[in-house]
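Right, one structure below, let's go through it.
Below, read A as the first sequence line, B as the second, and so on, with proteins coming before strands; counting in each chain starts at 1. Note that the coordinates shown come from a computational prediction; the quantities given were computed from them, not determined experimentally.
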Protein chains: 2
Amino acid sequence: MSELPGRFCSIAAALEVVGDRWSLLAVREVSLGHHRFGEILEGTGAPRDRLSARLKALVEAEVLERRQYSDAPPRSDYHLTPAGKDLLPVLRSLMAWGDRWAVETPPVTLLHHDHELRPTTVCGTCGEKVHGADVHRRSNTPTT
Amino acid sequence: MSELPGRFCSIAAALEVVGDRWSLLAVREVSLGHHRFGEILEGTGAPRDRLSARLKALVEAEVLERRQYSDAPPRSDYHLTPAGKDLLPVLRSLMAWGDRWAVETPPVTLLHHDHELRPTTVCGTCGEKVHGADVHRRSNTPTT
DNA sequence: GACCCTCAGTTGGGAAATCGAACCGACGCG
DNA sequence: CGCGTCGGTTCGATTTCCCAACTGAGGGTC
């Protein structure tokens with residue numbers, strides 16, 4: 001992780017890992033069950049070399065795991081690590097935003113069990129739905 | 001919005017708008033109450049020209065609004081539109097991910113009223129906490 | 001009015017990332 | 001042997017990015 005010029009925060013840190021043009025789309029493809037290079041290539045539309053580099057970086061960052069599933073011919077596929085699975089809420093919120101503000105017709109709907117999923121953020125501590133006005137920042141408590 | 005080569009989805013559409021290196025950081029700065037160009041510049045660490053271009057694009061995409069608050073000298077500042085405010089859940093989930101997987105020490109804590117906010121995704125329809133295994137995709141219902 | 005400062009950009013040129021297309025090597029098939 | 005597939009890598013051209021310098025409108029001071 002390089003020295004960042006701006007304010008340090010975990011959003012910037014997260015974007016250092018998955019903030020480029022293709023990473024999140026690659027994670028989306030893997031999460032959709034497309035594990036092989038060619039599938040991810042087609043699903044994302046990324047150039048081969050970019051995808052190759054990104055997958056390498058995501059494996060390095062432990063977002064994806066590369067598994068060799070055949071020796072002859074040598075074939076491997078990509079799977080989500082725990083960190084990768086933890087990106088799914090990010091993808092869901094991004095998709096919800098895109099549905100609302102970046103496309104005319106939402107192309108897919110997520111199903112939660114048998115009904116529509118409407119992703120909603122609540123506070124894990126008190127269970128209450130989160131409204132922007134209720135949230136404030138606290139500097140890191142310097143208690144070592 | 002250009003023609004995308006890969007699978008069409010709202011995640012890709014969202015990333016077309018805010019998927020570059022500086023957009024989300026700029027939105028973060030504005031959401032933190034830093035509305036002026038110089039503040040956003042310092043907070044993000046972006047080059048001036050990049051930031052200028054990004055802010056222009058975000059205004060164009062109706063994520064930010066530019067308001068002239070002084071004629072002499074001509075000064076304007078940037079505010080979140082409804083679409084911009086709707087990005088806050090994305091930022092929160094990204095921050096939660098970064099806290100967990102991209103930094104050692106979470107530098108800030110969000111407060112919900114007077115206690116720690118732990119962002120959690122629930123289904124808005126049934127209120128149940130969302131687990132990845134419960135979520136499935138449905139193609140767009142072609143019912144016009 | 002001369003001088004210097006701030007703020008919000010714009011401009012220019014070089015460095016770096018990105019792109020599409022072509023190529024490569026290991027293998028499988030007939 | 002010749003062809004096709006899969007998963008990349010390499011190449012050259014294009015695009016984007018970054019940094020530093022400049023602009024331009026105005027303000028503050030003497």
Side-chain angles (χ1 to χ4, degrees), chain A residues 1-7 12 15-27 29-30 32-61 63-79, chain B residues 1-7 12 15-27 29-30 32-61 63-79:
Chain A
M1 203 181 311
S2 56
E3 183 74 20
L4 295 174
R7 175 195 317 285
L15 290 174
E16 278 289 289
V17 181
V18 295
D20 75 285
R21 186 157 172 54
W22 301 114
S23 292
L24 284 178
L25 291 182
V27 170
E29 285 305 308
V30 175
L32 293 178
H34 302 135
H35 301 285
R36 298 216 302 282
F37 184 86
E39 295 174 319
I40 304 173
L41 188 71
E42 188 182 4
T44 58
R48 303 177 80 81
D49 60 339
R50 289 296 86 213
L51 184 62
S52 175
R54 275 300 111 205
L55 290 177
K56 217 165 277 182
L58 288 172
V59 168
E60 175 68 21
V63 170
L64 295 181
E65 184 197 350
R66 188 182 180 186
R67 292 189 202 150
Q68 189 115 355
Y69 68 89
S70 156
D71 286 329
R75 292 278 180 274
S76 38
D77 54 7
Y78 298 89
H79 293 265
Chain B
M1 204 181 309
S2 55
E3 182 75 19
L4 295 173
R7 173 195 318 286
L15 290 174
E16 277 290 290
V17 181
V18 295
D20 74 283
R21 184 157 173 55
W22 301 114
S23 292
L24 284 178
L25 292 181
V27 171
E29 285 305 308
V30 175
L32 293 178
H34 303 135
H35 301 285
R36 298 216 302 281
F37 184 86
E39 295 174 319
I40 304 173
L41 188 70
E42 188 182 3
T44 57
R48 304 178 80 81
D49 61 339
R50 290 297 84 214
L51 184 63
S52 175
R54 276 301 111 204
L55 290 176
K56 216 166 277 180
L58 289 171
V59 168
E60 175 67 20
V63 170
L64 295 180
E65 184 197 352
R66 187 182 181 185
R67 291 189 201 149
Q68 188 116 354
Y69 67 90
S70 156
D71 286 329
R75 293 279 181 273
S76 38
D77 55 6
Y78 298 89
H79 293 264

Exercise. Check the distance between D/dT9's P and A/L55's CG and give it to me in whole angstrom.
Key: 10 Å
Practice problem: Calculate the interatomic distance between A/E42 atom CD and D/dG7 atom P; express it in whole Å. | Solution: 12 Å
Quiz item: Would you say C/dC19 has OP1 or OP2 under 4.0 Å from some side-chain N or O of A/W22?
Solution: yes
Practice problem: Provide, to the nearest angstrom, the distance between the NE2 atom belonging to B/H34 and the P atom belonging to C/dA8. | Solution: 13 Å
Protein N or O to nucleotides 23-30 of chain C N or O, pairs below 3.5 Å:
none

Quiz item: For B/Y78 and C/dC7, what is the distance between atoms OH and C1' respectively, to the nearest whole Å?
Solution: 12 Å
Quiz prompt | Side chain of A/R50 (C-beta onward), nearest among C/dT18, D/dC18, D/dG7 | solution = C/dT18
Self-check item: Carboxylate-amine/guanidinium proximity below 4.0 Å for A/R66 and A/E60
Solution: no
Quiz item: When the distance from CD of A/E16 to C1' of C/dA17 is rounded to whole Å, what number comes out?
Solution: 15 Å
Exercise. To the nearest 0.5 angstrom, please state how far the CG atom of A/L41 sits from the CZ atom of A/R36.
Key: 12.5 Å
Quiz item: Where is the tightest heavy-atom contact between B/V30 and B/Y78, given as atom of each residue plus distance?
Solution: CG1-O, 3.6 Å
Quiz item: Expressed in angstrom and rounded to an integer, what is the separation of A/F37 atom CZ from D/dG7 atom P?
Solution: 8 Å
Quiz prompt | Side-chain donor or acceptor of B/S52 paired with backbone N/O of B/R48 under 3.5 Å | solution = no
Quiz prompt | Any A/K56 side-chain nitrogen or oxygen under 4.0 Å from OP1 or OP2 of D/dT9 | solution = yes
Quiz prompt | Donor-acceptor pair, side chain of B/E39 and main chain of B/H35, under 3.5 angstrom | solution = yes
Quiz item: To the nearest angstrom, how far is B/L51 atom CG from D/dC19 atom C1'?
Solution: 15 Å
Quiz item: Of the candidate nucleotides C/dC19, D/dC18, D/dT9, which contains the atom at the shortest distance from the side chain of A/S52?
Solution: D/dT9
Practice problem: Select from B/G38 and B/D49 the residue whose nearest nucleotide in DNA chain C is closer to the 5' end of that strand. | Solution: B/G38
Quiz item: After noting the C-alpha distance and the side-chain angles of A/L58 and A/V18, does the key distance pass the side chain to side chain contact (heavy atoms under 4.5 Å, CB included) rule?
Solution: CA-CA 8 Å; A/L58 288 172; A/V18 295; 4.2 Å; yes
Exercise. Would you mind classifying the nucleic acid contact of B/R54 as base, sugar-phosphate or nothing, using non-hydrogen atoms under 4.0 angstrom?
Key: nothing
Quiz item: Just how far, in rounded Å, is C1' of C/dG20 from CG of A/L41?
Solution: 12 Å
Exercise. Flag the pair A/E29 and B/R7 as a salt bridge only when some basic side-chain nitrogen lies within less than 4.0 angstrom of an acidic carboxylate oxygen.
Key: yes
